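Notes to accompany the following structure.
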Amino acid sequence: FDFTKFLEILRTKRAEPIAKYIRSFLISFSKKQWTVSEQVKLISDFKKFMSAKFDEFEPFSTMASVELENCHEGLEKLIMNKLYSQCFSPKIDLKRLDQSHREDLTKDEVVKEKLKQFSWVELAHLDIHFEESDTFIDMAIGELSKINNYRAPRDKIIVLLNCCKIIFGYLKQTSTEGSADSFIPVLIYIILKSKIPHFVSNINYIERFRDGKHLSGENAYYLSSLQGAVNFIETLDKDGLTVSEEEFDLHFAEYLQREEDELAAKEQEERRRKLEAEAPMPQRLIAGIGARAEERVSPSGVLFSSAQILGNSISSFLSPPASSGSSPRAKPIGDLDDNDEEDVQERQAMEASMAHRKDAFTSTYRMLRSMFPDLDKDIVKELVVVRQGNIGDCIDVCLELTNGN
Amino acid sequence: MSIEDPIPRFAQFKLVLLGESAVGKSSIVHRFVKDSFDDLRESTIGAAFLTQTIKLANDTTVKFEIWDTAGQERYKSLAPMYYRNANCAVVVYDITQLASLERAKNWIKELQRQANADITIALTGNKLDLEAEREVSTGEAQQYAIDNGLLFCEVSAKTGDGIRDVFYRIAEQLPVEEQIRSTMSRSKPRINLNKPSTNTDQGCAC
């Protein structure tokens, strides 16, 4: 799948009618906050509509099926990237949340609490008795945590599949049969250790907005497994684990203590902030200098910021009230250039990761070595370079190599 | 494909695999997939999800999407995630463990209550190679299957005995013709002579 290629095609003169349809869809979609079921229907109807338009307009109508498929994928990614802040529950403006979005967030909170409560769980508590490998666990968690970095449903599900692939690599290394009996507990364990936020929102978002024809077979299986694992955690209690009464009580007491400490710290922080806000200017200055050395406020800083406040209030009088749309955007939503703020962020993150590519190569190499100790060192090294350190691809090849033996 | 080509007669079904963890339910599937010469496996992630096609008479290909489940009691609540929309289920017990049959019966009750109404269920006794340690008589399990409208097989994943049979007998019960007819009528208006077909990922068998 080549997103850039799709965007390039979209920018050509011939594709102008198609670009126009997309633009006007994005604009009208953003005019209102729809309910979840409306969103799902609107987006799926629009994809169907565009599918017919692809058949009608050049250059799409004469494309080979592979290229056309690339455009369908591109379309989904483009519109979901643009509509993320209206469709992914944690990103939606609180005032515009639909009932179902709210439910996503409530469940996210429940799971978050459970992850805190059960952070002590080990594989043995899930009746998995093979050696834990930090490399694997870290790698799987690292992969899964990318799920919140991506906005397109396709990208999110690829993250999940890669994580599952790493788990199967791990099972293979421990000579465990790669069946659901061992896969599910390890997946649950990875989620418990990951502390990744918004699992429920992510799963529902993928189910709602990933094109149905791609949510079948293997993809559906692993998405259902993630969903099952998260549901399990959502209702997890002592009976879900193999643990003695004493051990559980001990961990539970520790959890309560942590919660209490956290709450106390939060309250203290709030009190301090309130005090600062109420204090007249000079005292605020002193508090700033005294309490937080790292955020020391200089006198000129204070003057400058208050001047700014004044300036803002004047300019807000002079400028007309902001038009519809609650989130301020650098560019209008209908702008199809993939350059808005979040895109830039995504790209920057990608560039940063390029800088760390060498590290990634090394860690992939190390991981593969520990997963497949029998494979020749140089072959693994070469493989990592050829496959650009892509962990999923590398594991595939290694599994093939070892299966052949 | 051009319009003159014979239309492949192809149907695809979701099969869910249930049973206690030590009864060897995954081994049954692995044996089935390994023994099939027709190598159309598309599993890329791992062995918990496998696909396997079988050829029936009159040039019909049936593809099974096989969904493995975790058999441990504590993951019982995950099962509905897996059997929703399943067309068929293989519920496995171990002929040397009476308790595993009881567990299988519970799965069957749950499926009949909550899964698709027309689901085809095959009660399958594994470990036929351990005849000497048998605890569940063939007659007892078979009678239960008859009373509840299930297919019944005894197999050995170890020797391969009876494995193929399970899947072929399930295929016979599935609404193959119905699915082929509905796919054909659905895909008809989409035939476009100017460009290659776009719905090849539905798994054409050619």
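Below, chain A is the first sequence line, B the second, and so on; all start at residue 1. These numbers come from the heavy atoms of this one structure, side chains and all, not from hydrogens, waters or symmetry mates. Predicted model only: the values in this text are computed from it and were never measured.
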Query raised in the report: Heavy-atom distance under 4.5 Å between the side chains of B:Phe49 and A:Ser225, does that happen here?
Result: no

Report summary line: Between A:Ser179 and B:Ala48 the two heavy atoms that sit nearest each other are C-CB, 4.4 Å

**Report entry** Atom group of A:Ala220 that falls short of 4.5 Å from chain B, counting heavy atoms
**Finding:** both

Query raised in the report: Which region of A:Asp127, side chain (C-beta onward) or backbone (N, CA, C, O), has a non-hydrogen atom less than 4.5 Å from a non-hydrogen atom of chain B, or is it both or neither?
Result: both

Requested in this report: Might you point out which heavy atoms bring B:Lys25 and A:Asp181 nearest each other, and give the distance in Å?
Outcome: NZ-OD1, 3.1 Å

Report summary line: Note: A:Glu207 and B:Arg84 closest approach over all heavy atoms is OE2-NH2, 3.6 Å

Report task. Compare every heavy atom of A:Glu218 with every heavy atom of B:Ile45, then report the nearest pair and how far apart it is. Result -> N-OE2, 3.1 Å

Query raised in the report: Which heavy atom of B:Gly46 sits nearest a heavy atom of A:Tyr222, and at what distance?
Result: O-OH, 3.4 Å

Report summary line: Among residues 235-243 of chain A, residues within the sub-4.5 Å heavy-atom range of chain B, in order of number, are A:Gly240, A:Leu241, A:Thr242

Query raised in the report: Quick one: are A:Tyr221 and B:Glu65 in side-chain contact, heavy atoms under 4.5 Å?
Result: no

**Report entry** Over all atoms of both residues, closest heavy-atom pair of B:Trp67 and A:Gly217
**Finding:** CZ2-O, 4.0 Å

Query raised in the report: Quick one: what part of A:Leu161 sits under 4.5 Å from any heavy atom of chain B, side chain, backbone, both or neither?
Result: both

